[in-house]
Amino acid sequence: MAQKKELLYEGKAKRVYLTSEEDKLIQEFKDAATAFDGAKKGSISKKGEINNTISAFLFEYLENYHIPTHYFETISANEMLIRKLDIIPIEVVLRNVAAGSLCARYQITEGTVMEYPILEYYLKNDELHDPMINEYHAYAFGFATPDETRAINRIASKINAILKSFFDRRNLVLVDFKLEFGKRGTEIFLADEISPDTCRIWDKKTHKKLDKDRFRHDMGGVDKAYLELRDRIVNA
Ligand code: TMP
Ligand code: ASP
């Protein structure tokens, strides 16, 4: 078993540690919650455990569909062993239903179902408020080659198709979500997390929000929504 070594990186919602094995890291999920690029701060009870559980479950599920992910195994309630990658500093957002910044930018009513999924790239940079970019920025800034963005787009679209039907079968709507990718040699892997911090998920019938929007917009019932979502994903 890889032994936990020193802290490599601390982000807003996670810590990453080196391990005794050069190609493996430990990703620890925190209860701390932020929104609007860190401007709003708080915490969500049991979020670290819940996001670790949901991410591990979904990574394993996606691996069954031959999606390469950085996940190796769960090692504690809020920690997973992951593959060390060169992270591509791009947030890939997939949207099935209008919400969040899409509604603001294009004046679309929240809840409008997209006729075709939208795939967007954002530069991962809080100081710049994650500006939207396109594939040409990714090439020009040296983040990814055309072959790599083709692979990323293909994997992201496949993940969307798999997860949309996964959530649908649980009477949930996968509204939108954010992915991050990393490279190891020439291979691209899904990295980071898939959790209520990085997805919008609504109840199919009531459209009740079961994700971080409850925290972002002070809607109340945040802790309960995270627990409900975990149970509806894992115990189905
Ligand atoms: P947006 O509507 O604010 O652009 O968010 C789209 C999706 O991406 C939504 O599911 C939340 C997720 N997201 C993150 O995971 N991290 C972020 O920093 C932002 C802005 C959004
Ligand atoms: N992840 C960003 C933050 O922590 C933005 C968000 O999720 O709303 O500030």
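Along the sequence shown, the residues carry numbers beginning at 1. Note that ligands are numbered from 1 as they come in the structure, with each ligand's atoms numbered from 1 the same way.
- At a threshold of 4.5 Å between non-hydrogen side-chain atoms, the residues D176 and L102 do not count as touching.
- Counting non-hydrogen atoms of neighbouring residues, nucleotides and ligands closer than 6.0 angstrom, the NZ atom of K46 reaches no more than 12 such neighbours.
- In terms of protein heavy atoms, atom 20 (C) of ligand 1 is closest to D130 OD2, 4.6 Å.
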How far apart are the C-alpha atoms of E63 and T69, what are their side-chain angles, what is the distance that settles it, and do they pass the side chain to side chain donor-acceptor pair (under 3.5 Å) test?
-> CA-CA 7 Å; E63 290 273 358; T69 81; 2.7 Å; yes
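- When only non-hydrogen protein atoms are considered, atom 7 (O) of ligand 2 lies nearest to K212 NZ, 2.9 Å.
- Counting heavy atoms closer than 4.0 Å to ligand 1, residue V175 contributes nothing at all.
- Heavy-atom proximity to G38, at under 4.0 Å, picks out these atoms of ligand 2: 3 (C), 9 (O).
- Of the charged side-chain nitrogens involved, at least one lies within less than 4.0 Å of a carboxylate oxygen, so that E28 and K4 count as a salt-bridged pair.
- Numbered from 1 in the order shown, with element, the atoms of ligand 1 that lie under 4.0 Å from a heavy atom of G100 read 2 (O).
- The shortest N or O to N or O distance between R200 and ligand 1 is under 3.5 Å.
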What's the verdict on ring-ring contact (aromatic ring centres under 6.0 Å, His included) for F59 and H70, showing C-alpha distance, side-chain angles and the deciding distance?
-> CA-CA 8 Å; F59 284 143; H70 72 160; 5.2 Å; yes
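- Hydrophobic clustering of Ile, Leu, Val, Met, Phe, Trp and Tyr side chains at less than 4.5 Å, counting indirect connections, unites I188 with L62.
- Residue D176 has at least one nitrogen or oxygen atom sitting less than 3.5 Å from a nitrogen or oxygen atom of ligand 1, judged on distance alone.
- Residue contact check: F36 has heavy atoms under 4.0 Å from atoms 5 (C), 6 (C), 8 (O), 9 (O) of ligand 2.
- What you find for W202 and A99 is that their closest heavy atoms are CZ2-CB, 4.3 Å.
- Of the possible donor and acceptor atoms, one in the side chain of N52 sits under 3.5 Å from a partner among the backbone N and O of S76.
- Residue contact check for ligand 1: E91 places a non-hydrogen atom closer than 4.0 Å to it.
- By the criterion of a heavy-atom distance under 4.0 Å, neither the backbone nor the side chain of K40 is placed next to ligand 2.
- Near F177, meaning under 4.0 Å from any of its heavy atoms, are these atoms of ligand 1: 10 (O).
- By the criterion of a heavy-atom distance under 4.0 Å, neither the backbone nor the side chain of K212 is placed next to ligand 1.
- Listed for the K24 side chain is no donor-acceptor partner under 3.5 Å among the backbone atoms of F72.
- Of the polar atoms of T34, at least one N or O is found under 3.5 Å from an N or O of ligand 2, judged by distance alone.
- The contact set between ligand 1 and R95, taken as ligand atoms under 4.0 Å from a residue heavy atom, comprises 1 (P), 2 (O), 4 (O), 6 (C).
- Under the 4.0 Å distance rule, the nearest protein heavy atom to atom 11 (C) of ligand 1 falls inside the cut-off.
- The nearest heavy-atom contact from the protein to atom 8 (O) of ligand 2 is R216 NE, 2.8 Å.
- Which of R216, K178, E180 comes nearest to atom 16 (N) of ligand 1 through a heavy atom is settled by distance: it is K178.
- Rounding to the nearest 0.5 Å gives a distance of 8.5 Å between CZ of R214 and NZ of K209.
- No more than 12 heavy atoms of other residues, nucleotides or ligands lie within 6.0 Å of OH in Y136, so this atom counts as exposed by the packing criterion.
- Selection from S101, C199, A35 by nearest heavy atom to atom 2 (O) of ligand 1 gives S101.
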